[in-house]
Amino acid sequence: MNITKANGKAEYALIENLKKRSGETDAKIVEIVTNIINSVKEQGDDAVREFTVRFDGSVPKKTVIEKNELQEYLEIVDEDFKNAVIKAKENIYDFHLRQAQQSWMTTKSNGVIMGQRVRGLKRVGIYVPGGTAAYPSSVLMNAIPAKIAGVEEIIMVTPPAKDGSPNPDIMAAAAIAGVDKVFLVGGAQAVAALAYGTEKIPKVDKIVGPGNIFVATAKKLLYGVVDIDMVAGPSEILIVADKTAKPAFLAADLMSQAEHDKLASAILLTTSGDIARATAKEIERQLKYLARQEIIEQSLENFGEIIVCENLEQAVDFANELAPEHLELCVEEPLKYIGKIDNAGSVFLGNYSPEPLGDYYAGPNHVLPTSGTARFFSPLSVDSFIKKSSFIYYTEDELRKAKDDIIKLADTEGLTAHANSIKVRFE
């Protein structure tokens, strides 16, 4: 990895380089996905079947797995894997349960009643990739907060293997997380089917979950027809380290994100030149033992950097500017700095809180804002699956007291029918 000394310019040039990863979607992809969406909207299941054959080679004989059938996969998968998923589920559930909001109502002494009703969405769709990018952990992270929010029905779509069978690990995770029904279909056609509904696949209120560029583009184009979680960019990690950090840990954590994608970014900010050089050597040493070596090398070469900062304050300022998806604080007193981090998807404190702890097990959600959007977006949460309505009750006397103010405001805006709605009640 390249080692750069922070000078107020070089490190910020890196941000501009990272922005190139999340440019506008290729026009050809938009055209292809738009055609898929329109076809599914007009032709329903026939279009879904046609695109599945075109892109995946064939349609599975069994395309729907009911909730009771999901339980069967718990007997098929590795026992240690199943137990790990159950423990992870407990941690994720406990964390997200604390996010749940309650409806409320207030009654004033004058008889006015106001309040807010909070309830879960009726039906949510979860997209889960198949093939080499099959992540059972994503099933937990998307389904569990939806269940806590009170979503009535969770529909999952996931592409089958080439032989038409589902991934058993994903099915087991779906059973543990409480998914209601699974459709073995993937790609933009699955997203379109969830958005519009077909004879077989029910229409949902929101679509969440990761996918390839076609899936991401479909979600982006269909936003407004249906709600979505976010349009996720390449994965990223930023580590802030002082002289107490361990280079072997830093190298391992940087590569844990670099292995996701050739466009992933992994950046280390450190106040120690010795730590910077030792980490670079550790990357070379550890890399040879890792399965996704080529991906890691390209990611680190194009979007990785080690930056030596003058002090931790400078590093924190840069972190807030970058607004990373994952931020590790491998410093002597990490809790001292948590209040100074304004822009980050998820923050990992200390040498023994590595990013994969959050990906799989600890409890906080791993669906996080990327590409600098942590400046204004939040992680997926229970809030992502609820909707709110306010309500108002006024007595005749209280409306009479307020009528002149309301009429004045309406007349000022030129909305005479609004003003009339108040006047007519007191003529």
Side-chain angles (χ1 to χ4, degrees), residues 48-49 52 56-97 120 123-187 190 193-194 200-202 204 207-211 215 291 356-367 380 382 385:
V48 172
R49 190 178 304 106
T52 299
D56 299 330
S58 63
V59 177
K61 292 181 180 178
K62 183 177 177 60
T63 59
V64 185
I65 301 176
E66 301 290 344
K67 188 171 187 175
N68 62 317
E69 296 175 284
L70 289 174
Q71 299 298 318
E72 299 172 8
Y73 289 90
L74 295 175
E75 306 302 321
I76 297 173
V77 297
D78 177 80
E79 191 72 15
D80 289 339
F81 165 78
K82 180 175 72 174
N83 290 334
V85 171
I86 291 171
K87 290 177 183 177
K89 178 212 171 175
E90 292 170 353
N91 292 338
I92 296 165
Y93 186 92
D94 181 67
F95 180 87
H96 287 82
L97 186 61
R123 185 183 292 124
V124 166
I126 298 177
Y127 189 97
V128 179
T132 58
Y135 301 130
S137 59
S138 286
V139 180
L140 303 182
M141 293 293 182
N142 285 281
I144 291 171
K147 295 292 287 186
I148 292 171
V151 172
E152 292 182 22
E153 186 177 19
I154 300 175
I155 304 296
M156 191 172 91
V157 293
T158 185
K162 292 295 183 184
D163 63 0
S165 65
N167 181 301
D169 292 339
I170 289 177
M171 296 302 107
I176 291 169
V179 170
D180 294 295
K181 187 175 292 187
V182 177
F183 291 89
L184 297 181
V185 59
L194 289 172
K200 291 183 178 179
I201 301 175
V204 302
I207 301 172
V208 299
V215 170
L357 176 66
D359 266 355
Y360 295 109
Y361 197 78
N365 211 286
H366 76 197
V367 181
L380 193 75
V382 174
F385 298 99

Q: Please assess Ile144 against Lys89 for the test side-chain contact (heavy atoms from CB on, under 4.5 Å), listing each intermediate value before the final yes or no.
A: CA-CA 8 Å; Ile144 291 171; Lys89 178 212 171 175; 3.6 Å; yes
Q: What's the separation between atom CG in Leu70 and atom CD1 in Ile176, rounded to the nearest 0.5 Å?
A: 10.5 Å
Q: In sequence, state the C-alpha distance, the side-chain angles, and the governing distance for Ile148 and Phe385, and then conclude on side-chain contact (heavy atoms from CB on, under 4.5 Å).
A: CA-CA 9 Å; Ile148 292 171; Phe385 298 99; over 6 Å; no
Q: Between Leu74 and Gln71, is any pair of side-chain heavy atoms under 4.5 Å apart?
A: yes
Q: Tell me whether Asp180 contacts the main-chain N or O of Ile154 through its side chain, where contact means a donor paired with an acceptor under 3.5 Å.
A: yes
Q: Test salt bridge (charged side-chain N to carboxylate O under 4.0 Å, His left out) on Glu90 and Lys87; report intermediate values, then the result.
A: CA-CA 5 Å; Glu90 292 170 353; Lys87 290 177 183 177; over 6 Å; no
Q: Just how far is it from atom CG of Asp169 to atom OG of Ser137, taken to the nearest 0.5 Å?
A: 11.0 Å
Q: Taking the side chain from Tyr127 and the backbone from Gly187, do they hold a donor-acceptor pair closer than 3.5 Å?
A: yes
Q: Has Tyr73 got more than 12 heavy atoms of other residues, nucleotides or ligands less than 6.0 Å from its OH?
A: yes
Q: Would you find a donor on one side and an acceptor on the other, under 3.5 Å apart, between the side chain of Thr52 and the backbone of Val59?
A: no
Q: Could you go through Ile170 and Met156, starting from their C-alpha distance and side-chain angles, then the distance that decides it, and tell me whether this counts as side-chain contact (heavy atoms from CB on, under 4.5 Å)?
A: CA-CA 10 Å; Ile170 289 177; Met156 191 172 91; 3.5 Å; yes
Q: What are the two closest heavy atoms between Ile155 and Glu153, and how far apart are they?
A: CD1-OE2, 3.5 Å
Q: At what distance, to the nearest 0.5 angstrom, does NZ of Lys82 lie from CG of Asp78?
A: 10.0 Å
Q: Is there a side-chain contact (heavy atoms from CB on, under 4.5 Å) between Glu66 and Lys181? Walk through the geometry before answering.
A: CA-CA 5 Å; Glu66 301 290 344; Lys181 187 175 292 187; 3.1 Å; yes
Q: Please report the closest heavy-atom contact between Ser138 and His366, naming both atoms and the distance.
A: OG-NE2, 3.2 Å
Q: Any chance you could measure Tyr135, atom OH, to Met141, atom CE, to the nearest 0.5 Å?
A: 14.0 Å
Q: Looking only at heavy atoms, which two atoms of Ala173 and Pro136 are closest? And how far apart?
A: CB-O, 3.7 Å
Q: So, do Val157 and Leu194 sit near enough that their side-chain heavy atoms are less than 4.5 Å apart?
A: yes
Q: Out of Val179, Ile126, Thr158, which residue meets the side chain to side chain contact (heavy atoms under 4.5 Å, CB included) rule with Val139?
A: Val179
Q: Looking only at heavy atoms, which two atoms of Pro145 and His96 are closest? And how far apart?
A: CB-CD2, 3.7 Å
Q: Provide the closest heavy-atom pair for Gly164 versus Pro60 in the form atom of the first, atom of the second, distance.
A: O-CB, 3.4 Å
Q: Mind listing the closest non-hydrogen atom pair of Pro160 and Leu184 along with its distance?
A: CD-O, 3.8 Å
Q: Within the structure provided, determine whether Val182 and Pro166 are in side-chain contact (heavy-atom separation under 4.5 Å).
A: no
